[in-house]
Participant: 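Let me give you the structure first, and then I'll get to my questions.
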Amino acid sequence: MAYLELDNVSIGFGPPDNRVDVLKDVSLSVEENEFVAIIGFSGSGKSTLMSLLAGLQKPDTGEVRIHGNVITEPGPQLGIMFQNYSLLPWLTVFGNIELAVHQVFPELSKAALKEHVEHYVEMVSLTPALAKRPSELSGGMRQRVSLARTLAMRPEILLLDEPLSALDALTRAVLQDEIIRIWEEDKRTVLMITNDVDEATLMADRIVPLTLGPSATLAEEFAVTLDRPRDRANLNKNPEFMKLKNAVTQFMVGMNTEARETKVAPTISMPDVKPMDFSAA
């Protein structure tokens, strides 16, 4: 039995007479402590898939399971990190993380809670900003707070919903390395959604493409067998890295090209209308 499973999951939206299937017959098995990246184009249903995994939405058919138990609602065993930080602007870095930790571990004393929060703030190198509010932080620092908050709840599974997509290239690279470092130290099970082939190849154990929607599903996966730790500076000289990256890129580009070629433009019937004659008699 896999640690985390999606078993023939389908979900759609809209009225019954005009319903659109977003995901169709999606199946995936993730082992404990594995780092899996799901890669797909915008609009293919990646965030919907993440909402199903987090228990924020229920599938129309199929099941999402952890330890063999069906996920029916959000819970502390599933920690999700969103694209948009989702920080409360009136709370400090400490306050944002403290609020989440208190909900999960209400039994912690005030001193133990403070120590717990400060440990995870230090883990993401934000101790000097402990008393600052989100408006006083850069985008990269806010995303670090979001990561620290999620990690501080000690979820069994870490769900990353394109958490670095809004960041500049340098900040993104730093946070990629930070997430990998924390994962290697903490060894949580991680499932990351991304649209960046380089990011997926650098960070994951497996890359699973999501086909184009509507009725998107998971395609054949790519195993990432590169040794860890992975040195970003030397990866572009690694023939195995380049071969895998090119294979994933060609698959995604080919899927997109095929979809455009097979797409048929809708035919619109125009009324038989003639212009009025305004010429002089």
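The first residue in the sequence is number 1, and the count goes up from there.
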Participant: Do other residues, nucleotides or ligands put more than 12 heavy atoms under 6.0 Å from the CD atom of Glu185?
Facilitator: yes
Participant: Ile207 and side chain to side chain contact (heavy atoms under 4.5 Å, CB included): which partner among Val197, Val224, Thr194?
Facilitator: Val224
Participant: Check whether more than 12 heavy atoms from other residues, nucleotides or ligands sit under 6.0 Å from atom CD of Glu122, and answer yes or no.
Facilitator: no
Participant: May I have the step-by-step check of side-chain contact (heavy atoms from CB on, under 4.5 Å) for Leu78 and Ile80, ending in yes or no?
Facilitator: CA-CA 6 Å; Leu78 296 158; Ile80 186 167; over 6 Å; no
Participant: Show your reasoning for whether salt bridge (charged side-chain N to carboxylate O under 4.0 Å, His left out) applies to Arg133 and Glu136.
Facilitator: CA-CA 6 Å; Arg133 289 181 170 79; Glu136 302 173 272; 5.0 Å; no
Participant: Can Met242 be reached from Leu235 by stepping across I, L, V, M, F, W or Y side chains whose heavy atoms are under 4.5 Å apart?
Facilitator: yes
Participant: Quick check: does any side chain N or O of Trp183 sit under 3.5 Å from a backbone N or O of Phe35, one acting as donor and the other as acceptor?
Facilitator: no
Participant: Does Arg144 reach the main-chain N or O of Val124 with its side chain, forming a donor-acceptor pair under 3.5 Å?
Facilitator: yes
Participant: Counting only N and O atoms by type, is there a donor-acceptor contact under 3.5 Å from the side chain of Asp21 to the main-chain atoms of Lys24?
Facilitator: no
Participant: Could you go through Asp177 and Arg172, starting from their C-alpha distance and side-chain angles, then the distance that decides it, and tell me whether this counts as salt bridge (charged side-chain N to carboxylate O under 4.0 Å, His left out)?
Facilitator: CA-CA 9 Å; Asp177 293 340; Arg172 185 170 186 159; over 6 Å; no
Participant: Would you please name every residue forming a side-chain contact (heavy atoms from CB on, under 4.5 Å) with Leu91, sequence neighbours left out?
Facilitator: Leu88, Asn96, Leu99
Participant: Report yes or no: does Arg206 contribute a side-chain atom to a donor-acceptor pair with the main-chain N or O of Glu34 at less than 3.5 Å?
Facilitator: no
Participant: Looking only at atom types and distance, does a side-chain atom of Ser27 sit under 3.5 Å from a main-chain N or O of Asn8, one as donor and one as acceptor?
Facilitator: yes
Participant: Any heavy-atom pair between the side chains of Val9 and Asp25 that's under 4.5 Å?
Facilitator: no
Participant: Evaluate side-chain contact (heavy atoms from CB on, under 4.5 Å) for Lys114 paired with Ser109, printing each intermediate quantity in order.
Facilitator: CA-CA 8 Å; Lys114 181 176 183 291; Ser109 66; over 6 Å; no
Participant: Would you give me the side-chain donor-acceptor pairs under 3.5 Å for residues 36-47, sequence neighbours excluded?
Facilitator:
residue: Ser44; atom: OG; partner: Phe41; partner atom: O; Å: 2.7
residue: Lys46; atom: NZ; partner: Gly40; partner atom: O; Å: 3.3
residue: Lys46; atom: NZ; partner: Phe41; partner atom: O; Å: 3.0
residue: Ser47; atom: OG; partner: Asp161; partner atom: OD2; Å: 3.4

Participant: Under the side-chain contact (heavy atoms from CB on, under 4.5 Å) rule, what do Thr92 and Lys132 come out as? Steps first, then yes or no, please.
Facilitator: CA-CA 5 Å; Thr92 62; Lys132 292 185 177 181; over 6 Å; no
Participant: So do Val117 and His102 actually touch side chain to side chain, heavy atoms under 4.5 Å?
Facilitator: no
Participant: Please check if Leu108 and Val104 belong to a single hydrophobic cluster, counting links between Ile, Leu, Val, Met, Phe, Trp and Tyr side chain heavy atoms closer than 4.5 Å.
Facilitator: yes
Participant: What's the spacing between Glu31 CD and Glu5 CD if we round to 0.5 Å?
Facilitator: 8.5 Å
Participant: Grab the two heavy atoms, one from Tyr3 and one from Thr189, that are nearest each other, plus how far apart they are.
Facilitator: CE2-OG1, 3.4 Å
Participant: Could you check if a side-chain atom of Ile182 sits within less than 4.5 angstrom of a side-chain atom of Leu147, using non-hydrogen atoms only?
Facilitator: yes
Participant: Tell me the closest heavy-atom pair linking Gly140 and Leu175, and the distance in Å.
Facilitator: O-CD1, 3.9 Å
Participant: OG1 of Thr201 to CZ of Arg230: how many Å apart, nearest 0.5 Å?
Facilitator: 8.5 Å
Participant: Is there side-chain contact between Leu49 and Leu23, with at least one heavy-atom pair below 4.5 Å?
Facilitator: yes
Participant: Take Phe222 and Leu244, measure what side-chain contact (heavy atoms from CB on, under 4.5 Å) needs, and give me the verdict at the end.
Facilitator: CA-CA 8 Å; Phe222 295 83; Leu244 177 61; 4.0 Å; yes
Participant: Test your reading of the model: is there a side-chain donor-acceptor pair from Thr211 to the backbone of Thr217, 3.5 Å cut-off?
Facilitator: yes
Participant: Between Arg142 and Leu137, is there a donor-acceptor pair closer than 3.5 Å when you use the side chain of the first and the backbone of the second?
Facilitator: yes
Participant: List for me each residue that meets ring-ring contact (aromatic ring centres under 6.0 Å, His included) alongside Tyr120, sequence neighbours excluded, and say none if there are none.
Facilitator: His116
Participant: For His67 and Glu156, what are the C-alpha separation, side-chain angles and deciding distance, and is it a side chain to side chain donor-acceptor pair (under 3.5 Å)?
Facilitator: CA-CA 11 Å; His67 301 305; Glu156 296 178 38; 2.6 Å; yes
Participant: Cluster question for you: counting only ILVMFWY and a side-chain heavy-atom cut-off of under 4.5 Å, with indirect links fine, are Val145 and Val174 together?
Facilitator: no
